[in-house]
Amino acid sequence: MFQPFKEYLEEQIFNRFDLQSRPIPAGLESNISDRGKNRATIQSWCYQCPELRKIRYTYIDAGETAQVFNSVMYPSHNYDIPLLGIDFLSFGKKKILVVLDFQPLFRDRFYQEKYIEPMGEIRDKYNELAQNLEMKFYDANQYFSKYLLFAKTDADTVVNRLFPAYQEYIQLYWETLENAQPLTNPDDIQRIVKAQQDYDQYSAERDPAHGLFSSYFGSEWSEKFLYEFLFESASPLAVANTR
Ligand code: BLA
């Protein structure tokens, strides 16, 4: 279902950046589940380049039952630009949930104006993908922009609307990165380190995927996958009492 999205992302990053592989902890790069009646595979890829300190993406293929494409781009710490967040999920072809956003690190007006407002023009072309759905796990006011695409949709819309929207958001993201002025002041850089770390902590604690991963691969593997790969700057101890 989302294979063309993965291929587009790969074609883009391979041609645009001087990529280096970024190691994925042993045992977390892939897994296969034979639990229950449905076979599921999960596979992840991770790269870095001077502009992006972590580019990760994951594909879950459980045939008709579930297809998931998830990705986050973390800019290098000397850029204050948003993270690019992608979460496309299809369950049994009937339930399709798509989320795509420039995930803001800060919420002040200056930041909004600089990095979020430029998304508005694209967002306005894809009204059917911006449905103002209520968030149950996350807080829409934290790490999400007002121009996120967030929709429950169908397979035709994924092909005909989400794919072009995805390409436009990604192109704008590359432009944003190209135009970004690298920070040089250590205090400014430290502020980005902290903000990206907070994002990981928040995301690891809220991620609704924990249940999905656990059902296929067990809770021990899931916990490791969340804290040692997806959101590796998060500390599991900080949430020991909340799960
Ligand atoms: C929702 N994301 C979900 C759900 C799952 C995942 C299972 C719940 C779907 C449901 O309602 O049944 C799955 N999340 C994953 C997977 C990974 C993951 C497979 O991190 C990792 C491989 N989520 C992101 C990113 C964004 C994001 C980068 O990981 C930003 C674009 C958004 N996912 C997001 C949102 C929801 C969601 C906004 C709805 C959650 C809510 O209602 O609060």
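Side-chain atoms are counted along with the backbone in the values below, which use heavy atoms only and exclude waters and symmetry mates. Counting starts at 1 for both ligands and their atoms, in listed order.
Between Arg16 and Glu178, at least one side-chain nitrogen of the basic residue sits less than 4.0 Å from a carboxylate oxygen of the acidic one, meeting the salt-bridge criterion. Contact check on Glu113 versus Arg109 returns no salt bridge, with no Lys/Arg side-chain nitrogen under 4.0 Å from an Asp/Glu carboxylate oxygen.
Looking only at heavy atoms of the protein, atom 14 (N) of ligand 1 is closest to Asp207 OD1, 3.1 Å. Nearest protein heavy-atom neighbour of atom 9 (C) of ligand 1: Leu97 CD2, 3.9 Å. Annotation: atom 28 (C) of ligand 1 to nearest protein heavy atom, Val72 CG2, 3.5 Å. Nearest to atom 29 (O) of ligand 1 among the protein's heavy atoms is Asn70 ND2, 2.8 Å. The protein heavy atom nearest to atom 3 (C) of ligand 1 is Pro208 CG, 3.4 Å. The protein non-hydrogen atom at the shortest distance from atom 15 (C) of ligand 1 is Ala209 CB, 3.2 Å. Looking at atom 32 (C) of ligand 1, its nearest protein heavy atom turns out to be Val99 CG1, 3.7 Å.
At least one N/O-N/O distance between Lys136 and ligand 1 falls below 3.5 Å. Looking at Asp87 next to ligand 1, an N or O pair under 3.5 Å apart turns up. The shortest N or O to N or O distance between Tyr199 and ligand 1 is not under 3.5 Å. Inclusion of Ser71 in the set of residues having an N or O under 3.5 Å from an N or O of ligand 1 is not warranted. By the 3.5 Å distance cut-off applied to N or O atoms, Asp101 is not counted among the residues near ligand 1. At a 3.5 angstrom cut-off on N or O pairs, Val68 does not count as close to ligand 1. For ligand 1, none of its N or O atoms has an N or O atom of Arg56 under 3.5 Å away.
Residue contacts with ligand 1 for Leu230 involve side-chain atoms from C-beta outward but no N, CA, C or O (heavy atoms, distance under 4.0 Å). When heavy-atom distances to ligand 1 are checked against a 4.0 Å cut-off, Leu89 comes that close only through its side chain, counted from C-beta outward.
The six-membered or imidazole ring of Phe231 lies away from that of Tyr202, with a centre-to-centre distance of 6.0 Å or more. Checked against a 6.0 Å centroid threshold, the rings of Tyr143 and Tyr199 count as neighbours.
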Q: Let me see the working for Glu232 and Arg22 under salt bridge (Lys or Arg N to Asp or Glu O under 4.0 Å), right down to the final yes or no.
A: CA-CA 13 Å; Glu232 66 194 51; Arg22 192 175 186 279; 3.0 Å; yes

Q: Start with the C-alpha gap between Tyr216 and Thr65, add the side-chain angles, then the distance that decides, and say whether side chain to side chain contact (heavy atoms under 4.5 Å, CB included) holds.
A: CA-CA 12 Å; Tyr216 289 130; Thr65 320; 4.2 Å; yes

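With Tyr166 as the aromatic partner, Arg161 does not meet the cation-pi criteria of under 6.0 angstrom to the ring centre and within 45 degrees of the ring axis. Note that Lys54 lies in the cation-pi zone of Phe229, set by a 6.0 Å cut-off to the ring centre and a 45° limit from the axis. In this structure, Arg191 forms a cation-pi arrangement with Phe106, its terminal cationic atom sitting closer than 6.0 Å to the ring centre and no more than 45° off the ring axis.
Across Phe88, Phe150, Phe137, Tyr57, heavy-atom proximity to atom 39 (C) of ligand 1 is greatest for Phe150. Across Phe69, Tyr138, Phe91, heavy-atom proximity to atom 40 (C) of ligand 1 is greatest for Tyr138.
Judged by distance alone, the side chains of Ser203 and Asp200 never bring a donor and an acceptor atom under 3.5 Å apart. For the residue pair Ser219/Ser214, the side-chain donor-acceptor check at 3.5 Å is not satisfied.
Interface of Gln103 with ligand 1, defined as ligand atoms under 4.0 Å from a residue heavy atom, comprises 28 (C), 30 (C). The contact set between ligand 1 and Ile86, taken as ligand atoms under 4.0 Å from a residue heavy atom, comprises 28 (C), 31 (C).
Applying the 6.0 Å contact sphere to NZ of Lys194 captures no more than 12 heavy atoms from other residues, nucleotides or ligands.
Proximity of Lys95 to ligand 1 is established by a heavy-atom distance of less than 4.0 Å. The shortest separation from a heavy atom of Phe213 to ligand 1 is under 4.0 Å, placing the residue in contact.
In this structure, Phe69 and Phe88 have tilted ring planes: the angle between them lies in the 30° to 60° band.
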